[in-house]
Amino acid sequence: MAKIMHRLILMRHAQAEASAPSGGDEARPLSAAGRAEALLMGRALAERGLKPDLALVSTAVRTRQTWEQMHDAFGDVEVRDEDALYNAPSDVIRRFVETSEDEAGCLLILAHNPGVHVLAAEYLIESAASPAVVDKLSAGFPTGAAALFSVDVAGRCTYEGFLTPRSLGAPSE
């Protein structure tokens with residue numbers, strides 16, 4: 001039986017090291033602060049009843065490590081590592097959302113800026129969110145942040161909240 005998506009979590013990976021031993025961007029691991037951010041965000045989402053049925057995760061080391069730190073807070077979740085989410089623009093991320101509408105009641109996309117930030121802003125504009133909400137998100141999409149949306153039966157996303165590690169009490173760098 002197909003599920004109907006009712007929640008969407010667009011999340012940026014937690015804080016990563018500035019470089020990787022291999023020198024490649026995709027191999028950059030989480031920093032110690034990033035591991036703590038990811039644990040905090042996983043717990044915060046779960047405490048709010050936001051437990052994904054499906055998590056689509058970029059194949060970059062920092063996004064996979066963010067998921068590894070978060071997943072215990074959620075229990076059993078189907079996870080797919082997706083090469084195309086690595087530094088994906090907003091239109092690619094949107095296609096992942098649209099093609100997953102019948103697979104998950106709550107979908108988590110764990111990827112990168114600027115794509116995650118741009119798509120969250122597009123959803124705000126499309127849903128005629130208040131100027132205060134648009135301004136809040138326009139200020140940036142820090143590492144570990146998650147934009148939360150409810151999704152109606154027509155697939156329209158409406159803003160529900162924006163969580164950052166810092167707003168949850170994580171120390172700022």
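No hydrogens, no waters, no symmetry mates; every other heavy atom, side chains included, goes into these values.
- Here the closest non-hydrogen pair linking Ala16 and Arg28 is CB-NH1, 3.8 Å.
- In summary, the side chains of Ser31 and Gln15 do present a donor paired with an acceptor at a separation below 3.5 Å, with no hydrogens or angles considered.
- By the 4.5 Å heavy-atom criterion applied to side chains, Arg7 and Glu160 are counted as neighbours.
- Counting heavy atoms from C-beta outward, Val79 and Trp67 have side chains that approach closer than 4.5 Å.
- The existence of a salt bridge linking Glu26 and Arg62 is excluded, since no basic side-chain nitrogen approaches an acidic carboxylate oxygen closer than 4.0 Å.
- Here the closest heavy-atom approach between residue Met41 and residue Pro165 is recorded as SD-N, 3.8 Å.
- Asp25 is listed as a side-chain neighbour of Tyr86, based on a closest heavy-atom distance under 4.5 Å.
- Of all heavy-atom pairs spanning Thr164 and Ala145, the tightest one is CG2-CB, 3.9 Å.
- Follow the hydrophobic side-chain contacts under 4.5 Å out from Leu8 and you reach Leu56 in the same cluster.
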- Task: Before giving the answer on side chain to side chain contact (heavy atoms under 4.5 Å, CB included), spell out for Ser90 and Glu122 the whole-Å C-alpha distance, their side-chain angles and the decisive distance to 0.1 Å.
- Result: CA-CA 9 Å; Ser90 63; Glu122 289 172 359; 3.1 Å; yes

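- In this structure, Phe162 is a member of the same hydrophobic cluster as Leu119, with clusters built from ILVMFWY side-chain heavy atoms closer than 4.5 Å.
- For the pair Ser100 (side chain) and Phe96 (backbone), a donor-acceptor distance under 3.5 Å is present.
- Rounding to the nearest 0.5 Å gives a distance of 10.0 Å between CG of Asp91 and CD of Glu98.
- For Phe149, the ring-ring contact (aromatic ring centres under 6.0 Å, His included) partners two or more places apart in sequence, or in a different chain, are Tyr123.
- Between the side chain of Arg48 and the backbone N or O of Ala44, at least one donor-acceptor pair lies under 3.5 Å.
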- Message: Applying side chain to side chain contact (heavy atoms under 4.5 Å, CB included) to Glu37 and Thr66, what does each step give before you reach the verdict?
- Response: CA-CA 8 Å; Glu37 286 175 358; Thr66 298; over 6 Å; no

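- Residues Val151 and Leu124 fall within the same hydrophobic cluster, defined by Ile, Leu, Val, Met, Phe, Trp and Tyr side chains chained together at heavy-atom separations under 4.5 Å.
- Panel note: side chain Arg35, backbone Leu30; a donor-acceptor pair is recorded below 3.5 Å.
- Side-chain atoms of Thr63 do not come within 3.5 Å of backbone N or O of Val57 as any donor-acceptor pair.
- Criterion: ILVMFWY side-chain heavy atoms under 4.5 Å apart, direct or through other members. Under it, Ile93 and Tyr159 are part of a common hydrophobic cluster.
- Between Glu126 and Arg94, at least one side-chain nitrogen of the basic residue sits less than 4.0 Å from a carboxylate oxygen of the acidic one, meeting the salt-bridge criterion.
- Residues Thr59 and Asp81 have side chains that never bring a donor and an acceptor to within less than 3.5 angstrom of each other.
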For residues 104-116, please give each side-chain donor-acceptor pair under 3.5 Å, one per line with the distance, not counting sequence neighbours.
from   : atom 1 : to     : atom 2 : distance (Å)
His112 : NE2    : Ser58  : OG     : 2.7
Asn113 : OD1    : His117 : N      : 3.4
Asn113 : ND2    : Phe141 : O      : 2.9

Scan the side chains in residues 68-78 for donor-acceptor partners under 3.5 Å anywhere in the protein, sequence neighbours excluded, and list what turns up.
from  : atom 1 : to    : atom 2 : distance (Å)
His71 : ND1    : Glu68 : O      : 2.9
Glu78 : OE2    : Arg80 : NE     : 3.2
Glu78 : OE2    : Arg80 : NH2    : 3.1

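- Under the 4.5 Å side-chain contact rule for hydrophobic residues, Leu168 and Leu148 share a cluster.
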